[in-house]
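A quick write-up on the structure given underneath.
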Amino acid sequence: MESQNPVISASILAADLWQLGQLVEAATEGGIDRLHVDVMDGHFVPNLALGVHSVRCLREHSQLPIEVHLMVENPDRHLAAFIEAGASLVIVHVEVAPHLHRLLTSLHECGVRAGVALNPSTPTVAVSEVLDIADQILVMTVNPGYAGQKFLPSALRKVSQLHELRTRLGHRFEIAVDGGINPETAPQARQAGADVFAAASAIFRAESVPDAVRQLREAIDSAAAHAAESATG
Ligand code: DX5
Ligand code: ZN
């Protein structure tokens with residue numbers, strides 16, 4: 001299985017804002033690779049959450065790359081502000097980006113990585129024409145809008161399809177999963193071909209944040225070992 005090294009991206013959506021700094025430090029100590037900031041506009045998704053200020057504060061205090069997951073209509077209007085605030089990767093939803101090719105290209109021109117997210121009801125064919133320029137395809141494993149929802153196993157089929165396409169066409173995009181990711185569901189996603197694991201509740205609602213990150217990493221690594229074993233028989 002030609003997978004990339006697993007990446008754990010901690011979504012601060014489930015973190016107690018009163019303790020945010022300490023929680024991010026604890027997650028960093030546990031070995032997270034990135035921070036994931038969920039931005040919601042109350043239109044594309046029913047909820048409102050986070051924004052440019054959150055990214056700016058994290059950028060000021062953390063060395064980790066920051067993924068900004070834009071769950072907003074008209075994402076093109078907000079790119080410059082998030083880039084200026086310090087985003088490393090900006091993820092837009094294909095459902096609200098009719099000019100996706102232009103949008104991804106303009107992110108690259110600004111020097112940041114470009115990702116595309118798919119809702120559970122959106123098929124992989126929606127991104128087939130941008131697979132060569134996308135740095136990440138994010139498969140939503142819940143309907144976007146809230147932390148703490150139940151993982152949708154039906155989304156794994158899309159992870160496998162993307163993995164197969166990437167191998168066959170020789171592309172380099174990361175395959176990310178987001179929603180309901182925990183030590184039980186992450187191995188399933190890993191076996192289907194996911195590389196990036198965005199998780200909020202499993203990390204920030206745990207009793208010990210560093211231990212929760214380590215458990216998630218072990219679960220992902222054990223799935224990778226299993227997949228390698230089955231590949232070699
Ligand atoms: C959902 C967000 C996710 C969310 C994940 O709309 O995009 O990133 O924070 O939360 P958990 O891991 O609790 O499902
Ligand atoms: Zn997200």
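Just so you know, these numbers use all the heavy atoms, side chains as well, and skip hydrogens, waters and symmetry mates. Since the model is a prediction, treat every value here as computed from it, not as a measurement. As the structure lists them, so they are numbered: ligands from 1, and atoms in each ligand from 1.
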Heavy-atom nearest neighbour in the protein, as seen from [atom], with distance rounded to 0.1 Å:
| atom | answer |
| --- | --- |
| atom 14 (O) of ligand 1 | G180 N, 2.7 Å |
| atom 5 (C) of ligand 1 | D178 OD1, 3.7 Å |
| atom 6 (O) of ligand 1 | G145 N, 2.7 Å |
| atom 4 (C) of ligand 1 | D38 OD2, 3.7 Å |

Does the side chain of [X] come under 3.5 Å of the side chain of [Y] through a donor N or O and an acceptor N or O?
| X | Y | result |
| --- | --- | --- |
| D76 | H99 | no |
| D178 | H36 | yes |
| H69 | D38 | yes |

Are D195 and R166 close enough for a salt bridge, meaning some N to O gap below 4.0 Å?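 Between R166 and D195 there is a salt bridge, with a charged N closer than 4.0 Å to a carboxylate O.
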Note: R113-E67 ion pair, threshold 4.0 Å (strictly below):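 The answer is no: the pair does not qualify as a salt bridge.
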May I ask you to check if ligand 1 and [X] share an N or O to N or O distance below 3.5 Å?
| X | answer |
| --- | --- |
| A198 | no |
| G148 | yes |
| A200 | yes |
| S11 | yes |
| I181 | no |

Do you know which two heavy atoms are closest between C110 and I83, and how far apart they sit?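 Smallest heavy-atom distance, with atoms named: CB-CD1, 3.7 Å.
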Shell of protein N/O/S atoms around the Zn ion (ligand 2), taken as anything under 2.8 Å: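 Listed by chain and number, the atoms are H36 NE2, D38 OD1, H69 ND1, D178 OD2.
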